[in-house]
Novice: 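Sharing a structure here in structure tokens format.
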Amino acid sequence: MLFIAHCTDKADHLQVRLDTRPDHLEFLKAKGDALKIAGPTLDADGETPNGSLLIFEDKDLEAAKAWAASDPYAAAGLFENVTVKPWKHAIGGGL
């Protein structure tokens, strides 16, 4: 089953994101082919990261929430909010 995780950074936590990024990227790589899409959301300037959007496979909603909660960004206290929901691909590039 596919899931989205939409994560919003806490204000003034850009340095936490930058410092934790290498561990976060290793965490994402470990998900392998189950990670379909991942990247930062951006401020209106189109440059400054302010959150994350992930699309990934997992066995159920509880497993998906647990995986998102184990992200090094979450452990570092970067996120103000994390929403994990089931998602269905309908139109666009194949996942």
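All residue numbers refer to positions in the sequence shown, counting from 1. Given the structure is predicted, the values throughout are model-derived calculations rather than measurements.
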Novice: Same cluster for Leu35 and Phe27 if Ile/Leu/Val/Met/Phe/Trp/Tyr side chains link at under 4.5 Å?
Specialist: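 As far as the 4.5 Å side-chain criterion goes, Phe27 and Leu35 are connected within one cluster.
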
Novice: Nearest heavy-atom pair of Tyr73 and Asp71: which atoms, and what distance?
Specialist: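 So the two residues come closest at N-OD1, 2.8 Å.
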
Novice: About how many Å separate CG of Leu2 and NE2 of His89, when rounded to the nearest 0.5 Å?
Specialist: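 CG of Leu2 is found 8.5 Å from NE2 of His89.
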
Novice: For Phe3, is there any backbone N or O sitting under 3.5 Å from a side-chain donor or acceptor partner on Lys85?
Specialist: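 It does not hold such a pair.
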
Novice: Fit a plane to each ring of Phe56 and Trp67, take the angle between them on a 0 to 90° scale, and name the class: parallel (under 30°), tilted (30 to 60°) or perpendicular (over 60°).
Specialist: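 Geometry flag for Trp67 against Phe56: tilted rings.
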
Novice: I'd like to know whether Thr8 forms a side chain to side chain contact (heavy atoms under 4.5 Å, CB included) with Phe79, so could you lay out the CA-CA distance, the side-chain angles of the two residues, the decisive distance to 0.1 Å, and finally the verdict.
Specialist: CA-CA 5 Å; Thr8 305; Phe79 298 136; over 6 Å; no

Novice: If you compare all heavy atoms of Pro22 against all heavy atoms of Leu18, which two are closest, and at what distance to 0.1 Å?
Specialist: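 So the two residues come closest at CD-O, 4.0 Å.
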
Novice: Report the C-alpha distance between Glu80 and Cys7 in whole Å, list the side-chain angles of each, state the deciding distance to 0.1 Å, and finish with yes or no for side chain to side chain contact (heavy atoms under 4.5 Å, CB included).
Specialist: CA-CA 8 Å; Glu80 178 73 29; Cys7 311; over 6 Å; no

Novice: Rounded to the nearest 0.5 Å, what separates atom NZ in Lys59 from atom CE in Met1?
Specialist: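 Atom-to-atom, Lys59:NZ and Met1:CE are 13.0 Å apart.
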
Novice: Would you say CG of Asp45 has more than 12 non-hydrogen atoms from neighbouring residues, nucleotides or ligands within 6.0 angstrom?
Specialist: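 Counting other residues, nucleotides and ligands, CG of Asp45 exceeds 12 neighbours.
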
Novice: Go through the side-chain N and O atoms of Asn50 and Asp43 and say whether any donor and acceptor fall under 3.5 Å apart.
Specialist: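 Checked: Asn50/Asp43 side chains pair up, N/O donor to acceptor below 3.5 Å.
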
Novice: Rounded at 0.5 Å granularity, tell me how far NE2 in His6 sits from OG1 in Thr41.
Specialist: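 Answer for the NE2-OG1 pair, His6 versus Thr41, is 5.0 Å.
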
Novice: Counting heavy atoms not belonging to Asn81, are there more than 12 under 6.0 Å from its CG?
Specialist: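 For Asn81, atom CG is crowded (more than 12 foreign heavy atoms under 6.0 Å).
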
Novice: Look up atom CD1 in Ile55 and atom CH2 in Trp87, then write down how far apart they are to the nearest 0.5 Å.
Specialist: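 Spacing of CD1 (Ile55) from CH2 (Trp87) equals 4.0 Å.
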
Novice: For a quick test of reading the model, state the closest non-hydrogen atom pair linking Ala38 to Leu28 and the distance between them.
Specialist: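 Result for this residue pair: CB-CD1, 4.1 Å.
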
Novice: Which heavy atom of Arg17 sits nearest to which heavy atom of Pro49, and what is that distance?
Specialist: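 Minimum heavy-atom contact is CD-CB, 3.5 Å.
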
Novice: Check Val84 against Leu61 and note the closest heavy-atom contact, atom names and distance.
Specialist: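 Scanning both residues completely, I find the closest heavy atoms to be O-CD1, 3.8 Å.
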
Novice: Roughly how far apart are Ile37 CD1 and Leu54 CG, rounded to 0.5 Å?
Specialist: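 So the gap between those two atoms works out to 10.0 Å.
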
Novice: Name the residue from His24, His13, Gln15 that meets the side chain to side chain contact (heavy atoms under 4.5 Å, CB included) definition with Leu78.
Specialist: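 Going through the options one by one, the only one that passes is His13.
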
Novice: Output the distance between atom CG (Leu14) and atom CG (Asp19), rounded to the nearest 0.5 Å.
Specialist: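 Rounded to the nearest 0.5 Å, the CG-CG separation comes out at 9.5 Å.
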
Novice: Is Lys31 paired with Asp58 through a side-chain N to carboxylate O contact shorter than 4.0 Å?
Specialist: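 Yes, charged N to carboxylate O under 4.0 Å.
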
Novice: Under the rule for side chain to side chain donor-acceptor pair (under 3.5 Å), what residues qualify as partners of Asp60, not counting sequence neighbours?
Specialist: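 With sequence neighbours excluded, Asp60 shows a side chain to side chain donor-acceptor pair (under 3.5 Å) to no residue whatsoever.
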
Novice: So which heavy atom on Asp9 is nearest to which on Gly51, and how close?
Specialist: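 Of all heavy-atom pairs spanning Asp9 and Gly51, the closest is OD1-CA, 3.3 Å.
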
